[in-house]
2 protein chains.
Amino acid sequence: MARITGSNGERTAAAIRRAALRLIHRHGFAAMNLRELAAGVGIQPGSLYNHITTKQGLLFDLMQEHMTTLLAETDAALAAAGPALIDRLRGFIAHHVLYHLERKQEVYIANFELRALDPPNAACILAMRRAYEDRLIALLEEGVAEGTLAMSDVRVTAYAMLAMLTGVCTWYRPGGRLGRAEIVALHVDLALDGIRRR
Amino acid sequence: MARITGSNGERTAAAIRRAALRLIHRHGFAAMNLRELAAGVGIQPGSLYNHITTKQGLLFDLMQEHMTTLLAETDAALAAAGPALIDRLRGFIAHHVLYHLERKQEVYIANFELRALDPPNAACILAMRRAYEDRLIALLEEGVAEGTLAMSDVRVTAYAMLAMLTGVCTWYRPGGRLGRAEIVALHVDLALDGIRRR
DNA sequence: GTCTATAAACTGATAGAC
DNA sequence: GTCTATCAGTTTATAGAC
């Protein structure tokens, strides 16, 4: 039988995660204090501890949730793409850009607050990031092997592509000159033009 | 007549800047405390204030010095390149990558600690960053106008190029698989391949 | 210019009533 | 689950002796 009381707890927990993403993205993890976070949720500072273990644990949970979602959605996008390598590569790039446009906060935090994690937590997130990078590296190697792609150094190219595609996070603002679909299309071309064999 | 006493002050000030760059790069500005900074320099915390105004003022000085140097060196690299657009563009890219390889700490701080600056200070640094971006945008527009370059959107392309070229900071380690000259050459090609008309 | 000492405010986290 | 109250430690910054 479903619980009726206590349902407020999950709404509060979700509100904490939402407010934390906003504040960490804006001020950085170290500069965000728990009083400010509690005020953003509309509860008292002490009440936070009904939903989080520590400030550090909160950051880790946010990052882990983000990386898990990113990996799962990426694999879904790859599975949904056509079987040809170029289609899967387009699928990867388009998904990466769209995901990064829609979840700027999570992406920014996962990329730049790794140093705020305790070493064991950082190792866990880093392993997930490596797994993500390996998805792209595998695609590039496949393209080189079959002869449709050409590049001097697969690993450097993969890092350069990811840096370029992630860069949209730093300047994109909803309601700007370009729509999301346009930005995605521009970046698919930018990323592919340099590596397609011709 | 040159002062003889007090010459230790400038050495201390330089040591503070050096230690601050290292600590901010490693832990972030908010997470760096002045006790740790003083210990890194080998003085007591209170003595820092003979050389800095506030912690905020220290960050601003570091960023301003970095941006001034970047702009000056970039203009020197452009002036030293051949008159042809493609040579100036190569010069810009090669200088950008090499500078970012050699001054990882400054670059990282200037890019990711902007949110730690007070609004007036942030506006000042942001204006210098815009001036830097405009150097590249002007080159791309010149290339499109003369017909040697082709791209769908100059501004998006410029941001994408800068993000890609700056990305080396996040993974480059001295003594790694690739030397600096190789990394520079790889990125010049990666950045140009997508925009040269063919 | 550096030191010691300390002010004044802020921080993450806990205890116990409701 | 939320509240009030508070602990214990840390933070930036200052004052005054040497």
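A note on names: the letters A, B, ... follow the listed sequences, proteins ahead of strands, and every chain is numbered from 1. When reading the values below, keep in mind they use all heavy atoms of this one structure, side chains included, and skip hydrogens, waters and symmetry mates.
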Indicate every side-chain donor-acceptor pair of residues 178-186 of chain B with a distance under 3.5 Å to a residue at least two apart or in another chain.
| from | atom 1 | to | atom 2 | distance (Å) |
| --- | --- | --- | --- | --- |
| B/Arg180 | NE | B/Tyr172 | OH | 3.2 |
| B/Arg180 | NH1 | B/Glu102 | OE2 | 3.2 |
| B/Glu182 | OE1 | B/Gly179 | N | 2.9 |

*Summarise how protein sits on nucleotides 4-18 of chain D as a single string, 5' to 3': B when a protein heavy atom is under 4.0 Å from the base, S for sugar-phosphate-only contact, - for no contact.*
B------BBBB----
*Decide yes or no on salt bridge (charged side-chain N to carboxylate O under 4.0 Å, His left out) for B/Arg135 and B/Asp75, but give the supporting numbers first.*
CA-CA 9 Å; B/Arg135 301 281 199 287; B/Asp75 287 338; 2.7 Å; yes
_Audit row: A/Arg177, B/Asp153, salt bridge (charged side-chain N to carboxylate O under 4.0 Å, His left out) steps and yes/no_ = CA-CA 11 Å; A/Arg177 177 170 62 92; B/Asp153 188 297; 2.8 Å; yes
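Distance check: A/Leu140 CG to A/Leu149 CG gives 6.5 Å after rounding to the nearest 0.5 Å.
For the pair B/Leu139/B/Leu78, a side-chain contact is recorded, criterion being any heavy-atom separation below 4.5 Å from C-beta on.
Put simply, NE2 on A/His51 is 6 Å from C1' on D/dG1, counting in whole angstrom units.
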